[in-house]
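Treat the numbers as computed from the prediction; the structure is a model and nothing was measured.
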Amino acid sequence: MPTLTECRCCHNYAAIRVKMNGIQCMTDHPGFAPNCLNIHVLEASMWEYMQHDGPIGDEVPQNSVYRYLAYRRFVYVVWHRLGKKNRRVLPSCVVLAIRRAFPDPTGTYTGFKFPI
């Protein structure tokens, strides 16, 4: 990960450790891939997101949308709804797994942003 802030292990989070049940990494959890990497699930999430938060522009690359929704779904699974301007740094393993599944063609990623 490009910044020290983003270099976090899933074992550093109590809320994630509770869900791991002896699994070494959250990306190996049986619910991770179906919830965060399955395109059909992410498409359903996209329609739900658009219904509540408005349209996603056609100019936004598809993989960028999938990454956003996958991160969002992971947050829901672990912390439920955080609310506006309440953010968490996601574990590096989770971010990298999502980026591998939905890569940016130029390799340019936003990374974690503190709320304004």
(request) Determine whether Pro30 and Ile23 make a side-chain contact, defined as any pair of heavy atoms from C-beta on separated by less than 4.5 Å. (result) yes
(message) Testing the basics here: between Arg67 and Asp104, what is the closest heavy-atom pair and its distance to 0.1 Å?
(response) NH1-N, 3.5 Å
(request) Of all the heavy-atom pairs spanning Cys9 and Pro91, show the shortest one and how long it is. (result) C-CB, 4.1 Å
(request) Heavy atoms only: give me the nearest Ser92-Cys7 pair and the separation to one decimal. (result) OG-CA, 3.5 Å
(message) Tell me which pairs pass side-chain hydrogen bond (donor to acceptor under 3.5 Å, both in side chains) where either residue lies in residues 11-20, with sequence neighbours left out.
(response) none
(message) Let's go through Phe102 and Val65 carefully: what are the C-alpha distance in whole Å and the side-chain angles of both, what is the deciding distance for side-chain contact (heavy atoms from CB on, under 4.5 Å) to 0.1 Å, and is it a yes or a no?
(response) CA-CA 9 Å; Phe102 309 108; Val65 173; over 6 Å; no
(message) Just to verify, what does Tyr71 make a ring pair (Phe, Tyr, Trp, His ring centres under 6.0 Å) with, not counting sequence neighbours?
(response) none
(message) Going by side chain to side chain donor-acceptor pair (under 3.5 Å), name the residues that satisfy it together with Tyr76, two or more places apart in sequence or in a different chain.
(response) Arg72, Arg81
(request) Over all heavy atoms of both residues, which pair between Leu42 and Leu69 is shortest? Give the atoms and the distance, please. (result) O-CD1, 3.4 Å
(message) Run the side chain to side chain contact (heavy atoms under 4.5 Å, CB included) test against His40 and tell me which residues pass, sequence neighbours left out.
(response) Asn38, Glu43
(message) Suppose we screen for side chain to side chain donor-acceptor pair (under 3.5 Å). Which residues come up paired with Thr110, at least two apart in sequence or across chains?
(response) none
(message) Let me confirm one number: the OH-SG distance from Tyr66 to Cys36, rounded to the nearest 0.5 Å.
(response) 14.5 Å
(message) Run the side chain to side chain donor-acceptor pair (under 3.5 Å) test against Arg73 and tell me which residues pass, sequence neighbours left out.
(response) Asn35, Ser45
(request) Indicate the atoms forming the closest heavy-atom contact of Thr27 with Cys93, along with that distance. (result) CG2-O, 3.4 Å
(request) To the nearest 0.5 Å, tell me how far Leu90 CG sits from Met26 CE. (result) 11.0 Å
(message) Quick check: is Ile98 connected to Val41 through a chain of hydrophobic side chains (ILVMFWY, heavy atoms under 4.5 Å apart)?
(response) no
(message) Looking at every heavy atom in both Phe32 and Ala97, which two are closest together, and how far apart are they?
(response) CE2-CB, 3.9 Å
(message) Which residues pass the side chain to side chain contact (heavy atoms under 4.5 Å, CB included) test with Ala33, not counting sequence neighbours?
(response) Leu37
(message) Quick check for you: to the nearest 0.5 Å, what is the distance between His29 atom NE2 and Ile16 atom CD1?
(response) 10.5 Å
(request) Output all residues satisfying side chain to side chain contact (heavy atoms under 4.5 Å, CB included) with Pro103, sequence neighbours left out; order by chain, then residue number. (result) Asn63, Tyr109
